[in-house]
Every structure is written in C-alpha cells, then in structure tokens.
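Here the structure comes first, spelled out in structure tokens, and everything after it is commentary.
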Amino acid sequence: MNRYIFLLMFIILFLVSGCSEEKEVKPIKSKEPISVDKKSDFVERDISQSIRSELSVMDVVVSNCLLDVKGKYVFYYKTINEENLKETFYKYSYDKSEGWRKEEVPWGNVIKGKLAKGASLSFICCGFDMKLYALFQNNADSLTFDLYKINEETNEVDKVPLSCLGKKDDMESIPVYVGVFESGNVLIQKANGDVEWYDPSSGEQEGFYNGMPHKLFMGRDQFYAVDNMNSQIVKISEDGGKAVEIFSLEEEALLRSDSVGTELQIEVFEKEEEEILIMTPSGIYELDEATKRKEKLISASEGKAFSSAGDNIMGLLEKDGNVVLMSQEAVEEGIKMYVFEYALGKQ
C-alpha cells in the first residue's frame with residue numbers, strides 16, 4: 001500500500017500544469033516583517049511570506065529549494081499557457097536585502113528548440129558539478145523521458161542519453177528524482193523507489209541501491225537516503241552499489257511517525273567534515289557517528305517548518321551553516337510556498 005501512495009504522490013506532481021501571465025522581473029518584498037524567534041540555540045526565520053500567494057492554482061513547482069553559484073536560495077517552476085499549451089520556465093531567487101526575485105530563465109527558449117512536441121518539464125536538480133539537470137516527460141506518442149544538462153552561465157544545453165529513459169510500459173518505472181554524483185554519474189530514482197545510477201557518456205547502468213528509500217537528500221558530495229525497508233538512514237556509495245548505515249531508525253522513537261501509514265518526516269543535512277544533522281518534527285539533532293546516537297539542538301515545540309501545512313520537499317545546509325526547509329501547500333487559490341531558515345547558534 002505504501003508503495004502505491006508513494007507512486008500516487010509523484011504522479012499528481014507531474015500531471016498538474018498551469019498558467020501565469022506575469023512576466024515582469026522585479027524584487028518581491030514582504031509587506032510584513034520577517035518573523036524571527038530567538039531561542040537559546042537557533043533563530044527561525046519565515047522568509048517566504050511575500051510569495052505565499054504568488055503562484056497561481058495551475059503553476060507547478062519543478063525543483064527542490066537549491067543554492068545557486070552565488071549562494072542564493074532558488075527554486076524553479078513552470079507555467080503553461082492554456083490557449084497554446086506553451087510552457088514557460090521561471091525561477092525565484094532570494095537575497096536578504098531584496099527579498100524574492102522572479103525571472104524567466106534565459107535557457108528556456110534554448111531548450112524548447114530541442115524538445116519533441118508534447119514534452120513537458122517534470123523536475124530540475126543541481127548536480128555536484130554545479131550544472132542544472134532538467135527532466136522532461138514526453139506524452140505525445142508514448143511515455144518517454146529526456147534529460148538535459150544546462151549551463152546557466154552560458155545557457156548551453158546538452159542532452160544526456162540514459163538507457164533507463166526509454167519507453168515506459170508501467171507507471172512504477174517512471175523517473176521521479178534525478179541527482180548527479182561528483183563523478184558525473186547520474187542517479188535516478190523510480191516511482192517504485194528503486195535507485196540506479198548511470199554513466200552519462202555510455203548511458204549504461206553503473207550501480208544501484210534497492211533499499212526502496214522514500215526520500216533522497218544531497219550532502220556536500222554524497223547522497224543520503226531514508227530507507228524504510230531496512231529502518232535506517234544510509235549514505236549511498238557508488239562502490240559496487242554499497243550503502244553505509246549512518247543511523248538506525250528502529251531504536252529512535254522520535255524519528256518514527258506517530259500515525260500508522262504516514263510517511264516519516266525527516267530531513268538530513270551535512271555540515272563541514274561530513275558532520276550529520278537530522279531534522280524531524282521533534283527538532284534538529286546532531287549525529288554522533290561513532291555511537292549512531294543523536295543530540296537534540298532544537299526543542300520539540302519550537303520548529304515551525306513541520307507544523308506548516310503541505311509536504312516538506314527539501315532540506316539543505318547553506319554554506320555558513322544555516323538549515324533551510326521548503327514545503328508547498330495546494331490551496332484553492334494556488335500553491336503556497338513555505339521556506340524556513342534556521343540559523344544555528346546565532347541568537
């Protein structure tokens with residue numbers, strides 16, 4: 001049952017499409033002051049008040065919250081013109097002095113010239129090579145996928161041919177997550193939970209991890225997975241498909257769901273020198289890799305990110321040590337974005 005709930009979540013995300021007529025490029029500043037709660041060990045900032053109602057009911061967010069080369073928080077979304085079904089790609093970037101800035105991405109028109117008729121943008125990620133990777137789904141004749149590598153500095157776009165992106169005969173095999181290792185190998189997670197990675201030159205499979213993780217995370221140069229099947233958090237290694245356990249979920253009641261049948265709400269972060277942080281509805285924890293135990297940094301009642309409506313889709317660690325969580329909520333008016341920044345030890 002959990003597998004089909006997982007599959008349904010991603011199918012809904014990919015099939016929603018929409019339109020927005022606004023193309024003006026301007027900073028979007030909040031009319032309200034940013035809410036700051038000062039505690040003994042963190043400052044929590046709600047930095048997305050000004051874009052809470054910006055996205056229309058038909059707009060689709062196609063990326064997690066990312067960091068660009070300038071250290072700004074960014075996320076990407078698409079909008080579709082209802083009359084001609086033409087997709088336009090946008091991004092929001094955040095600067096503390098200006099707030100959020102919306103802009104149409106310049107590589108959008110470049111990549112449109114390479115797409116087959118009926119192709120639709122599904123997902124964007126940033127690889128460890130600091131290039132964007134955009135996954136497109138083709139619904140015209142058959143269910144196939146194309147992956148493109150994008151250099152935002154030059155707007156160059158190159159197709160990445162992978163053997164797993166051919167025609168799909170069943171919905172469980174469709175790709176729902178893309179990541180890129182430091183080696184350049186492309187990691188693909190399928191709707192059934194399987195994780196595989198491919199050589200971008202040959203397009204052939206190089207390795208796999210079959211623990212069926214329900215969520216993947218990017219560290220500084222590694223991928224981490226919350227593995228429900230084996231009740232653990234693991235660091236995925238390219239070495240023969242092996243995974244290294246970094247934390248067991250079986251003995252940690254605070255990391256488990258309070259309700260039967262719901263997903264574990266966990267975010268994994270990697271600080272300097274591979275120090276691991278885990279964020280849950282109960283707070284942010286620092287992991288002792290020697291004992292596989294944790295120490296709480298934030299009390300259970302004070303983190304707002306998990307209490308917000310919507311699904312947490314990404315956690316990341318900024319270069320100066322700030323933790324950021326992004327979630328989205330589907331409401332009648334559109335999609336509301338929530339982005340919370342946690343500055344640890346900076347009261």
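What you see is a predicted model, and the numbers here were worked out from it, not measured in a lab.
- Residues Lys72 and Ser93 share a closest heavy-atom pair of CD-CB, 4.4 Å.
- Tyr133 and Gly127 make their closest contact through CD1-N, 4.1 Å (heavy atoms, listed as atom of the first residue, atom of the second, distance).
- Nearest heavy-atom pair across Gln189 and Leu216 is OE1-CD1, 3.6 Å.
- The aromatic rings of Phe75 and Tyr77 sit tilted, their planes meeting at an angle between 30° and 60°.
- The minimum heavy-atom distance linking Pro200 with Pro161 is given by the pair O-CD, 4.1 Å.
- Under the ring pair (Phe, Tyr, Trp, His ring centres under 6.0 Å) criterion, Phe181 pairs with Trp197, Phe223, not counting sequence neighbours.
- We find the NZ-NZ distance between Lys86 and Lys78 to be 15.0 Å, quoted to the nearest 0.5 Å.
- For the side chain to side chain contact (heavy atoms under 4.5 Å, CB included) test, residues two or more places apart in sequence or in another chain that qualify with Thr154 are Asn151, Glu156.
- Look at Asp146 and Lys159 and you find a salt bridge, because one of the NZ, NE, NH1 or NH2 atoms lies within 4.0 Å of a carboxylate O, short of that distance.
- Scanning for side chain to side chain contact (heavy atoms under 4.5 Å, CB included) contacts around Glu204 gives Ser163, Ser202, with sequence neighbours left out.
- Taking the salt bridge (Lys or Arg N to Asp or Glu O under 4.0 Å) definition, one finds that Glu152 meets it with Lys91, sequence neighbours left out.
- For the 3.5 Å distance criterion, the side chains of Thr88 and Glu104 fail to qualify, holding no donor opposite an acceptor.
- By the ring pair (Phe, Tyr, Trp, His ring centres under 6.0 Å) test, Tyr198 pairs with no residue at all, sequence neighbours left out.
- Not counting sequence neighbours, Lys112 has no partner by the salt bridge (Lys or Arg N to Asp or Glu O under 4.0 Å) test.
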